[in-house]
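Structure record follows, encoded as structure tokens.
A, B, ... follow the sequence lines: proteins, then strands. Residue 1 opens every chain. Both backbone and side-chain heavy atoms feed into the values below; hydrogens, waters and symmetry mates do not.
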There are 2 protein chains.
Amino acid sequence: MSYTEDAQTRLRRAGLRLTTPRIVIYEYLLSHRTHPTCDQIYNGIRESNPGISLASVYNVTEKLADEKLLIKIVAPDGERHYDSITEFHGHFFCLACKKIFDLNCTPDLKMEELKGAKTTDILLSARGYCPECVRKGHAD
Amino acid sequence: MSYTEDAQTRLRRAGLRLTTPRIVIYEYLLSHRTHPTCDQIYNGIRESNPGISLASVYNVTEKLADEKLLIKIVAPDGERHYDSITEFHGHFFCLACKKIFDLNCTPDLKMEELKGAKTTDILLSARGYCPECVRKGHAD
DNA sequence: ATGTTAGTTTAGAATTATTACAAATTACCC
DNA sequence: GGGTAATTTGTAATAATTCTAAACTAACAT
């Protein structure tokens, strides 16, 4: 019977101090699987927590990513997004509706040329038009 | 007997006007497989072509990428790099020496969840420590 | 409970990368 | 060679992220 831990439990287990910005931002990311940017997180928590600064969103997300509680994903256009699902998966970025979709794929790097390298993380991003946007004729 | 076309031929074939910035920048990218950023290209051509502006490097690389003469690759830290090899391949970014290595892999997106989507391009980036840096003890 | 302290947050300034703009220039077609 | 639309240039503007120093606070020890 598995039980999804809440933000506070996860933070505590990672040995992090429980501060309001960390709890609020992490809870936001755990409950919104939209892969938001720092700015989007900031705007998403603003009404309920006007005291949390944008700088803290940057600080907290970076810290949580360092501690592997989040992953940072970089879109093909360079925007940085955060995701609370830390197991490897790819992402599909729709050029029309701008939504980001998870891809349940496993990467095969074929690193024969780089024998002996030590890989820390992998980013797999595809870009294009999602099925709904294709249907609506938004693909070109 | 295949013969690698020069920058001018490729530009002409793509229907682009032959301008000095385009020729110089494209030649630079064809002969330097270091995956440079716009700023690195600008500094690389500066001595020989002091008249070419940084704005032109941005304009030209974007235009050539639109015309599929180059690909734009986004590093896991968000930096934008350009590569004159346009066939799909992945990249490995060494965290220690900052070099970028090509990976001859093919992606397998497993897009069952996104049946009907139209994919325009794929970015596969791994991060870690290259064999030489591992050997030198730069990995952590 | 209270004090101490190191870690964290805040607001704003600074930095950096990229884009926008308008004037000057230039490649290409005739 | 001349006309014209595309391109380049230099600079200004924008946007995203990082830096900084002062204020605050969670966690621990008392």
message: Pick the closest DNA chain C nucleotide for A:L16 and for B:E79 by heavy atoms, then say which residue is nearer the 5' end.
response: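 Upstream on the strand: A:L16.
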field: Most 5' of B:C38 and B:R12 on DNA chain C, judged by nearest nucleotide
entry: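 Looking at the nearest nucleotide for each, B:C38 comes out on the 5' side.
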message: Whether A:T19 contacts C:dT9 is assessed here as follows: a side-chain N or O lying under 4.0 Å from the phosphate OP1 or OP2. Is that the case?
response: yes
query: Below 4.0 angstrom from OP1 or OP2 of C:dT19, is there any side-chain N or O of B:R80?
result: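 So the side chain of B:R80 is within the cut-off, an N or O lying under 4.0 Å from OP1 or OP2 of C:dT19.
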field: Of the listed nucleotides C:dC28, C:dT9, D:dA27, the one nearest the side chain of B:L18
entry: C:dC28
Closest listed nucleotide, where the reference is the side chain of B:A55 and the choices are D:dT11, D:dT8, D:dA27: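 Taking heavy atoms from C-beta onward, the closest nucleotide is D:dT11.
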Taking atom [atom2] of [N] as reference, at what distance in whole Å does atom [atom1] of [X] sit?
X	N	atom1	atom2	result
B:Y42	C:dT19	OH	P	17 Å
B:D39	C:dT16	CG	C1'	10 Å
A:D77	C:dA17	CG	P	17 Å
B:I41	D:dT8	CD1	P	14 Å
A:I25	C:dT8	CD1	P	13 Å
B:L54	C:dC21	CG	P	18 Å
A:Q8	D:dA26	CD	P	11 Å
B:R17	C:dA27	CZ	P	9 Å

query: Does the side chain of A:I122 reach to within under 4.5 Å of the side chain of B:S125, using non-hydrogen atoms?
result: no
field: CZ-SG distance between B:F101 and B:C130, expressed to the nearest 0.5 angstrom
entry: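 Answer for the CZ-SG pair, B:F101 versus B:C130, is 4.0 Å.
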message: Taking the basic N atoms (NZ, or NE/NH1/NH2) and the acidic carboxylate oxygens, is any pair closer than 4.0 Å for A:K99 and A:E132?
response: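 No, this pair does not count.
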message: Taking B:R127 first and then B:D77, would you say they form a salt bridge - that is, a charged N and a carboxylate O separated by under 4.0 Å?
response: no
query: In terms of the angle between their ring planes, are A:H35 and A:H91 parallel, tilted or perpendicular, with boundaries placed at 30° and 60°?
result: perpendicular
task: Please work out if B:G51 contacts a base, only the sugar-phosphate, or nothing of the nucleic acid, heavy-atom cut-off 4.0 Å.
output: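 Here B:G51 touches the backbone only, sparing every base.
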message: So if I apply the side-chain contact (heavy atoms from CB on, under 4.5 Å) rule between B:I71 and each of B:D83, B:L123, B:L64, which one comes out positive?
response: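 Filter result, single survivor: B:D83.
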message: So which atom in B:L109 and which in A:A126 form the shortest heavy-atom distance, rounded to 0.1 Å?
response: CD1-CB, 3.8 Å
- request: Go through residues 57-65 of chain B and report each residue with a non-hydrogen atom lying under 4.0 Å from DNA chain C, sorted by number.
  value: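 Contacts with DNA chain C under 4.0 Å: B:Y58.
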